[in-house]
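Reading through the structure tokens given below for one structure.
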Amino acid sequence: VFSLLLVTSILVVYLQQKIMLVTKNTLYENSYKSMSLVLNADRDFYQALDALNKYQETKDDKLMKDYDENIGQVKERIGSAIENLTLYKENWVSVYKPETTENVFSVYEDFKTKMAAWEKSVSEGKIDENSFSDTRETLNSIGEIMDLGAEQAILTIDSMKKINTIIELSMFSLILV
């Protein structure tokens with residue numbers, strides 16, 4: 001009985017450590033930090049569009065510089081978010097955009113293609129609102145997938161906690177017997 005209690009105690013401690021590790025890595029380090037980067041990239045993309053629209057009206061070179069800075073920040077932030085997720089890629093490759101087989105990494109590839117199309121239209125002197133919307137939608141999709149990943153991590157943590165509780169109750173029952 002003592003050996004069983006010892007093994008069970010070790011298992012409980014292991015599961016508690018695993019719960020904390022999953023919580024920290026998946027939710028905070030991955031999801032929340034990356035989500036912040038994606039939200040900021042989305043904001044920067046709108047700021048870039050605003051600067052570009054104002055540039056079209058005024059031809060003020062400072063506004064074009066603002067546009068370029070914001071586009072650089074969009075690419076830098078979304079790249080950092082994906083790099084962050086890549087550290088725990090095994091947690092993210094199976095999280096798909098609803099009703100598709102697109103994960104955050106495939107949507108990121110789509111983002112790069114659409115961003116290049118947007119930048120090409122701008123370099124040709126056009127503001128292609130469809131291209132902007134398509135590019136922005138990929139940022140939104142990345143955020144949605146990350147939300148789903150965080151929700152799945154919470155479900156995993158809850159399952160681990162339930163298993164842990166069952167083990168603790170079993171240990172308590174063995175002690176009483």
Side-chain angles (χ1 to χ4, degrees), residues 19-158:
I19 289 168
M20 293 308 296
L21 185 64
V22 167
T23 301
K24 181 181 177 214
N25 288 341
T26 304
L27 291 179
Y28 180 70
E29 295 295 333
N30 263 187
S31 300
Y32 297 137
K33 281 186 173 181
S34 296
M35 181 57 75
S36 176
L37 288 165
V38 171
L39 290 172
N40 284 322
D42 190 42
R43 180 205 62 215
D44 293 335
F45 200 41
Y46 275 111
Q47 288 176 342
L49 178 63
D50 185 52
L52 189 59
N53 282 326
K54 289 176 181 174
Y55 173 79
Q56 294 288 353
E57 293 172 14
T58 66
K59 302 299 183 204
D60 180 353
D61 288 339
K62 181 192 176 308
L63 292 166
M64 200 60 190
K65 183 181 176 199
D66 289 347
Y67 166 82
D68 290 336
E69 276 182 32
N70 279 296
I71 288 297
Q73 289 173 339
V74 170
K75 293 191 282 189
E76 179 184 323
R77 289 175 204 239
I78 199 72
S80 293
I82 297 300
E83 184 179 311
N84 212 12
L85 298 179
T86 302
L87 295 174
Y88 301 96
K89 194 170 187 171
E90 69 278 359
N91 295 340
W92 294 101
V93 292
S94 60
V95 180
Y96 301 109
K97 184 176 170 183
E99 301 166 13
T100 72
T101 57
E102 293 181 307
N103 64 29
V104 71
F105 304 105
S106 61
V107 175
Y108 176 61
E109 293 303 316
D110 193 29
F111 163 79
K112 291 191 294 187
T113 301
K114 290 182 176 175
M115 178 58 92
W118 164 255
E119 289 181 296
K120 183 176 186 255
S121 74
V122 170
S123 71
E124 294 170 351
K126 301 178 219 165
I127 298 179
D128 183 348
E129 290 184 28
N130 288 333
S131 180
F132 177 86
S133 294
D134 290 347
T135 306
R136 209 220 133 262
E137 181 55 35
T138 60
L139 293 173
N140 187 53
S141 293
I142 289 170
E144 288 175 357
I145 294 168
M146 289 171 53
D147 278 342
L148 288 172
E151 288 172 17
Q152 288 176 8
I154 290 168
L155 291 175
T156 300
I157 290 165
D158 286 344

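The residues of the chain are indexed from 1 along the displayed sequence. No experiment lies behind these values; they were computed from the predicted model shown. FYI, side chains are in, hydrogens and waters are out, and symmetry mates aren't considered; it's all heavy atoms of this structure.
The salt bridge (charged side-chain N to carboxylate O under 4.0 Å, His left out) contacts involving residues 130-149 comprise Asp42-Arg136, where partners must be two or more places apart or lie in separate chains. Within the structure, the ring pair (Phe, Tyr, Trp, His ring centres under 6.0 Å) test picks out no pair touching residues 59-85 (sequence neighbours left out).
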Show me the donor-acceptor pairs within less than 3.5 Å that the side chains of residues 68-76 make with the rest of the protein, sequence neighbours left out.
residue : atom : partner : partner atom : Å
Asn70   : ND2  : Asp66   : O            : 2.9
Lys75   : NZ   : Glu119  : OE1          : 3.3
Lys75   : NZ   : Glu119  : OE2          : 2.9

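Shortest non-hydrogen contact noted between Val38 and Ala81 is CG2-CB, 3.9 Å. Listed here is the closest heavy atom pair of Asn84 and Lys33: ND2-CB, 3.7 Å. The nearest pair of heavy atoms linking Ser131 to Ala117 is OG-C, 3.8 Å.
Annotation for Glu90: atom CD counts as buried by contact number, over 12 foreign heavy atoms lying within 6.0 Å.
Tyr108 is linked by a ring-ring contact (aromatic ring centres under 6.0 Å, His included) to nothing, counting only residues two or more places apart in sequence or in another chain. Under the salt bridge (Lys or Arg N to Asp or Glu O under 4.0 Å) criterion, Lys112 pairs with Glu109, not counting sequence neighbours. Residues meeting the ring-ring contact (aromatic ring centres under 6.0 Å, His included) test with Tyr46, sequence neighbours left out: Phe132. In this structure, the side-chain contact (heavy atoms from CB on, under 4.5 Å) partners of Ser106, at least two apart in sequence or on a different chain, are Glu102, Asn103. Remark: Thr101 engages no residue in a side-chain contact (heavy atoms from CB on, under 4.5 Å) (not counting sequence neighbours). Lys126 meets the salt bridge (Lys or Arg N to Asp or Glu O under 4.0 Å) test with Glu124; sequence neighbours excluded. The side-chain hydrogen bond (donor to acceptor under 3.5 Å, both in side chains) check on Asp128 picks up nothing, with sequence neighbours excluded. With sequence neighbours left out, the salt bridge (Lys or Arg N to Asp or Glu O under 4.0 Å) criterion links Asp50 to Lys54. Shown here are the side-chain hydrogen bond (donor to acceptor under 3.5 Å, both in side chains) partners of Lys97, two or more places apart in sequence or in another chain: Ser141.
Here the CG-CG distance, from Asp44 to Leu49, works out to 12.5 Å after rounding to the nearest 0.5 Å. With rounding to the nearest 0.5 angstrom, the CG atom of Asn40 is 10.5 Å from the CD1 atom of Ile78. Between atom CH2 of residue Trp92 and atom OG of residue Ser34 there is a gap of 7.0 Å, rounded to the nearest 0.5 Å.
Using a distance-only test at 3.5 Å, with no hydrogens or angles considered, a donor-acceptor pair links the side chain of Ser123 to the main chain of Lys120. Ser36 contributes no side-chain N or O that, together with a main-chain N or O of Tyr32, makes up a donor-acceptor pair within less than 3.5 Å. Distance alone, capped at 3.5 Å, places no donor-acceptor pair between the Thr138 side chain and the Val107 backbone.
Within the 4.5 Å cutoff, side-chain heavy atoms of Trp118 are placed close to those of Ile127. The closest side-chain heavy-atom distance from Tyr96 to Leu148 is not below 4.5 Å. A heavy-atom distance below 4.5 Å is not found between the side chains of Leu139 and Thr135.
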